[in-house]
S.K.: 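Below are the structure tokens for one structure; questions will follow.
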Amino acid sequence: MSEYFLPTLKEDPREAEIPSHKLMIRSGMIRKLASGVYEFLPLGWRTVRKIEEIIREELDAAGAQEIVMSAMQPRSLWEESGRWDLYGPELMRLKDRGGREFCLGPTHEEVVTKIVSENVRSYKQLPVTLYQFQMKFRDEIRPRFGVMRAREFYMKDSYSFDADLEGCRSSYDLHFKAYKRIFERCGLEFAVVEADTGNIGGEFSHEFMVLASTGEEEVAVCSCGYGASSSMAGFKGPEGEPGFPEEEEKPLQEVHTPGVTTVQEVSGFLSEKPRKFIKTLIFDSDKGPVAALVRGDHELCQDKLLSASGAKWLNLAEPETVKAVTGGPPGFSGPCGAKIPVFADEEVLAVQNAVSGAGKKDYHLININFPRDYTVSWKGRLRKLQQGDLCLKCGGELKIMRGIEVGHTFLLGTKYSSAMGARFVDKDGREKDMIMGCYGIGVTRVAAATIEQNHDSDGIIWPAAIAPFEISLIQLSGDTEDICRSLYEKLSEKYEVLWDDRDESPGVKFKDAQLLGLPVQIIVGKSYMKDGKLEVVCRRSGKKEYLSPEGIEEKISI
RNA sequence: CGGGAAGUGGCGCAGUUUGGCUAGCGCACCUGCUUUGGGAGCAGGGGGUCGCGGGUUCAAAUCCCGCCUUCCCGACCA
């Protein structure tokens with residue numbers, strides 16, 4: 001260790017906020033070069049390679065084959081798939097000296113599809129699954145939390161090509177199972193959830209989420225095993241809602257509500273519960289303005305509106321647009337007499353004698369009833385999941401948890417193969433599009449997620465499988481160098497040992513050992529000088545035993 | 001991109017409000033001596049364009065203008 005490049009820090013770096021980020025910097029795993037761009041130092045890279053090796057073993061066992069593709073990709077390739085324009089500013093673009101345009105790959109569907117389409121002609125050559133480890137580049141809108149959301153990050157991506165959907169499902173399944181084993185072997189507590197396919201596209205997908213309070217995404221999980229990302233989760237509202245009995249329909253009435261716009265304000269002004277409100281949101285989209293209705297105590301899920309409307313993009317409308325479409329300024333929009341398509345969350349329609357904006361400044365309508373007073377062009381699920389909602393499969397209460405997305409599997413279908421002409425000749429002699437799947441694991445993110453789940457106030461507590469080393473050999477007082485050297489040599493035959501032979505005070509060595517969090521610490525000091533015993537400490541439990549050095553390599557378990 | 005905060009030796013910070021002596025503290029680093037079980041002690045020492053550029057002033061880390069970088073929140077709730 002006196003020769004190992006391992007700069008540890010006593011104090012938390014100012015830039016770091018969450019435990020994994022602080023600890024990765026303090027323990028000398030990583031350093032920052034620019035926002036969202038990190039270097040991996042020897043200790044950090046060892047852990048990355050451990051994770052990489054676990055992934056490699058499981059994917060090889062599942063029949064996938066490792067390759068390495070270029071990080072730099074020509075614009076023309078991305079134009080074939082249509083993503084040069086679609087991917088947006090997240091795509092890192094550059095030009096060579098001749099002015100030819102390239103991007104730094106954020107993912108490799110285009111490249112791998114080209115490779116396979118150029119080299120596979122017959123169903124006899126299918127299925128094939130290729131994977132690689134590589135630095136990926138995404139110009140994130142806001143990099144944060146160290147390597148958790150970085151602009152340059154190490155990723156494993158694989159791609160499967162099959163002759164038919166059934167084959168693709170089994171390729172998908174092989175990956176799905178391999179992923180479960182990978183994350184189990186890494187020692188992670190995780191949930192698998194049904195997820196949105198986002199701009200990768202495809203038929204369906206699953207996210208592998210490491211559960212942690214610092215997670216960036218919300219997921220819904222049920223004790224019955226069902227799990228989904230919060231934007232995808234199927235759910236129903238809680239049963240029986242006390243305080244809202246069936247009511248007589250009352251006549252529609254306009255009330256003066258000067259200057260009050262938000263549900264909360266109007267609710268206070270009229271002494272009505274938010275539950276009685278119809279929140280009306282006006283959006284601009286590529287298909288023109290649309291209105292979305294959710295109950296006052298609910299929140300709109302924009303992803304759901306996006307898929308319901310079939311639009312490519314949606315933005316909350318500017319005040320001028322709101323005025324033009326509803327007749328009133330923002331804050332006074334309502335569903336009655338709407339002239340644009342209205343998308344309603346199904347729970348809105350059940351609200352009796354509801355309150356909403358009147359479509360003119362400083363007025364709201366009360367006693368709105370469906371379908372008497374307004375119509376909708378679409379009804380379904382638009383609102384966000386919230387605490388208390390019930391599982392569609394078993395009726396149990398869904399738990400909303402935060403998670404870190406470490407893996408994502410997609411059944412792509414023919415999206416890329418048809419766009420890029422990846423075809424083969426099938427048994428029947430006809431040319432068909434290959435059916436694809438793609439599968440990613442954020443390797444560097446796995447390292448960070450592991451620390452989020454495994455740390456205490458002293459430092460990291462590595463699961464043995466991905467710890468950078470397995471044993472901290474801590475050499476203390478004076479005359480222990482020789483015994484340490486022989487221990488180091490003996491233990492190294494079986495374990496990965498980090499020998500702290502630095503000329504530092506005991507306190508420094510203990511603190512650093514706790515910080516680095518290797519599973520087992522072997523301390524050679526007082527007890528050895530006194531009665532020849534080594535002190536063996538488990539980092540996770542803190543349990544100590546005193547063992548003699550003879551046959552020590554057989555006596556410890558990691 | 002909108003809002004907030006911040007940039008001062010390697011790291012963490014004070015100083016800026018109210019301009020003024022040689023820019024300071026802790027840690028780290030170097031030398032020597034002592035020390036050696038929970039981030040050692042003493043003595044000596046090295047290291048700073050105070051983010052960058054411009055301006056105001058007799059005088060700028062400090063005031064003004066512009067820019068850059070970093071972090072946090074948001075980027076959908078009418």
Side-chain angles (χ1 to χ4, degrees), chain A residues 7-18 21-22 25-26 28 31-37 88-89 141-146 149 216 231 257 259-267 274 277-285 290-306 313-319 321-323 325-326 328-335 345 356-359 361 364 382-384 386 458-459 474-480 500 502-515 521 523-530 535 537 542 544:
Chain A
T8 59
L9 299 177
K10 248 187 236 190
E11 286 168 292
D12 284 337
R14 195 158 67 132
E15 72 210 38
E17 199 78 7
I18 63 169
H21 189 192
K22 289 179 181 172
I25 293 174
R26 285 190 52 203
R31 285 294 184 268
K32 183 178 71 176
L33 184 61
S35 180
V37 181
I141 191 162
R142 180 146 91 90
R144 47 180 146 183
F145 302 150
R149 178 167 297 278
E216 289 189 281
S231 64
T257 51
V260 289
T261 58
T262 66
V263 166
Q264 207 172 8
E265 287 167 3
V266 184
S267 159
F277 283 68
I278 300 173
K279 194 149 59 175
T280 307
L281 283 356
I282 310 298
F283 284 87
D284 249 335
S285 80
V290 298
L293 311 181
V294 293
R295 225 167 63 183
D297 58 333
H298 290 156
E299 294 194 32
L300 176 76
C301 174
Q302 198 172 324
D303 289 339
K304 289 175 188 165
L305 178 61
L306 193 66
W313 55 265
L314 280 172
N315 282 115
L316 206 58
E318 297 296 322
T321 316
V322 176
K323 183 104 208 245
V325 210
T326 67
F332 300 97
S333 309
D345 185 79
S356 197
K361 187 167 161 52
H364 277 75
L382 278 189
R383 75 164 170 95
K384 273 189 187 167
Q386 54 187 38
D458 287 334
I474 304 170
Q475 171 184 334
L476 293 184
S477 38
D479 281 342
T480 54
D500 190 350
R502 293 175 303 171
D503 185 18
E504 289 286 354
S505 71
V508 171
K509 296 188 176 194
F510 286 132
K511 288 284 185 190
D512 272 348
Q514 290 292 94
L515 176 63
Q521 299 165 1
I523 301 158
V524 187
K526 253 183 188 163
S527 65
Y528 180 75
M529 300 308 279
K530 205 173 101 207
E535 193 175 330
V537 184
K544 270 186 207 177

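Every chain is numbered from 1 and lettered A, B, ... according to where its sequence line falls, protein lines coming before strand lines.
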S.K.: Please determine, for B/C76, whether a Watson-Crick or G-U wobble partner exists with both distances under 3.5 Å, and give it or none.
M.R.: none
S.K.: Using the P atom as the point on both nucleotides, what is the distance between B/C50 and B/A23, in whole Å?
M.R.: 11 Å
S.K.: Who pairs with A/E535 by side chain to side chain donor-acceptor pair (under 3.5 Å), at least two apart in sequence or on another chain?
M.R.: A/K544
S.K.: What is the separation between atom CD on A/E15 and atom P on B/A5, rounded to the nearest whole Å?
M.R.: 20 Å
S.K.: Tell me which nucleotide among B/U70, B/U36, B/C72 gets nearest to the side chain of A/E17.
M.R.: B/C72
S.K.: Is A/R149 salt-bridged to A/E216, going by a charged N under 4.0 Å from an acidic O?
M.R.: yes
S.K.: Find the distance A/D500:CG to B/G37:P and express it as a whole number of Å.
M.R.: 15 Å
S.K.: How do A/P506 and A/S333 order along RNA chain B: which one's closest nucleotide is nearer the 5' end?
M.R.: A/P506
S.K.: Say we look at B/G32 and B/C71: how far apart would their C1' atoms be, to the nearest angstrom?
M.R.: 43 Å
S.K.: Indicate, with a heavy-atom threshold strictly under 4.0 Å, whether A/R26 touches base, sugar-phosphate, or nothing.
M.R.: base
S.K.: Measure from CG on A/L476 to P on B/G39 and round the result to the nearest Å.
M.R.: 13 Å
S.K.: RNA chain B: A/P143 or A/K526, which has the more 5' nearest nucleotide?
M.R.: A/K526
S.K.: Taking only the side-chain nitrogens and oxygens of A/S35, find out if one of them lies under 4.0 Å from OP1 or OP2 of B/C71.
M.R.: yes
S.K.: Have a look at A/V322 and say if it touches a base, only the backbone sugar-phosphate, or nothing, with a 4.0 Å heavy-atom cut-off.
M.R.: base
S.K.: What integer number of Å spans the P atoms of B/A60 and B/C21?
M.R.: 11 Å
S.K.: Report which part of the nucleic acid A/F145 touches: base, sugar-phosphate, or nothing (heavy-atom distance under 4.0 Å, all strands).
M.R.: sugar-phosphate
S.K.: Across all strands, who's sitting opposite B/A43 as a Watson-Crick or G-U wobble pair, both distances under 3.5 Å?
M.R.: B/U31
S.K.: In whole Å, what is the span from the CD atom of A/E535 to the C1' atom of B/G38?
M.R.: 11 Å
S.K.: Looking for any heavy atom pair under 4.0 Å, which part of the strands does A/S527 touch: base, sugar-phosphate only, or nothing?
M.R.: base
S.K.: Does any non-hydrogen side-chain atom of A/K32 lie less than 4.5 Å from one of A/P13?
M.R.: no
S.K.: Could you tell me if the side chain of A/L515 sits less than 4.5 Å from the side chain of A/D458, heavy atoms only?
M.R.: no
S.K.: Give me the distance, rounded to whole Å, that separates B/A78 from B/U18 when you measure between the C1' atoms they each carry.
M.R.: 46 Å
S.K.: Do you know the tightest heavy-atom contact between A/A291 and A/T280?
M.R.: CB-CG2, 4.5 Å
S.K.: Tell me which nucleotide among B/A78, B/G37, B/U70 gets nearest to the side chain of A/K279.
M.R.: B/A78
S.K.: If you compare every side-chain N and O of A/R142 against the phosphate oxygens of B/C71 (OP1, OP2), does one of them come in below 4.0 Å?
M.R.: no
S.K.: Hunt down the Watson-Crick or G-U wobble partner of B/A5, both distances under 3.5 Å, from any strand shown, or write none.
M.R.: B/U70
S.K.: Hey, mind stepping through A/F332 and A/T326 against side chain to side chain contact (heavy atoms under 4.5 Å, CB included) and telling me if it holds?
M.R.: CA-CA 8 Å; A/F332 300 97; A/T326 67; over 6 Å; no
S.K.: Mind listing the N/O atom pairs, protein and nucleotides 24-30 of chain B, below 3.5 Å?
M.R.:
unit_1, atom_1, unit_2, atom_2, d
B/G26, N2, A/E11, OE1, 3.3
B/C27, O3', A/K10, NZ, 3.2
B/C27, O2', A/K10, NZ, 3.4

S.K.: Hey, does A/D512 reach any base, or is it just sugar-phosphate, or nothing, if we go heavy atoms under 4.0 Å?
M.R.: base
S.K.: Given B/C77, B/G39, B/A78, which nucleotide is nearest the side-chain atoms of A/I282?
M.R.: B/A78
S.K.: Using both distances under 3.5 Å as the test, list the Watson-Crick or G-U wobble partner of B/A23, or none.
M.R.: none
S.K.: Base, sugar-phosphate or nothing for A/K509? Non-hydrogen atoms, less than 4.0 Å.
M.R.: nothing
S.K.: In this structure, how many angstroms lie between the P atom of B/C73 and the CD1 atom of A/I141, rounded?
M.R.: 14 Å
S.K.: Above 12 or not: heavy atoms from other molecules or residues under 6.0 Å from NZ of A/K22?
M.R.: yes
S.K.: Using the side-chain heavy atoms of A/L300, tell me which of these nucleotides is nearest: B/G37, B/C77, B/U70.
M.R.: B/C77
S.K.: Is there a Watson-Crick or G-U wobble partner for B/A60 with both distances under 3.5 Å, and if so, which one is it?
M.R.: none
S.K.: Given the P atoms of B/G66 and B/C58, what is the spacing between them in whole Å?
M.R.: 24 Å
S.K.: Rounded to whole angstrom, note down the C1' distance from B/G15 over to B/C63.
M.R.: 16 Å
S.K.: When the C1' atoms of B/U62 and B/G47 are compared, how many Å lie between them, rounded to an integer?
M.R.: 24 Å
S.K.: Could you give the CZ-to-C1' distance, from A/F283 to B/A75, as a whole number of Å?
M.R.: 13 Å
S.K.: Given atom NE2 of A/H298 and atom P of B/A78, what is their separation to the nearest angstrom?
M.R.: 15 Å
S.K.: Hey, does A/K384 reach any base, or is it just sugar-phosphate, or nothing, if we go heavy atoms under 4.0 Å?
M.R.: base
S.K.: Could you work out the separation of B/A40 and B/G26 based on their P atoms and round it to a whole Å?
M.R.: 16 Å
S.K.: Which whole-number value in Å describes the distance from A/D503 CG to B/U35 P?
M.R.: 14 Å
S.K.: Should A/K279 and A/D297 count as an ion pair when the cut-off is N to O under 4.0 Å?
M.R.: no
S.K.: Are any side-chain N or O atoms of A/T480 and backbone N or O atoms of A/G525, one a donor and one an acceptor, separated by less than 3.5 Å?
M.R.: no
S.K.: Please tell me if A/R14 has a side-chain N or O lying less than 4.0 Å from either OP1 or OP2 of B/C13.
M.R.: yes
S.K.: Salt bridge check: are A/R295 and A/D345 linked by an N-O gap of less than 4.0 Å?
M.R.: no
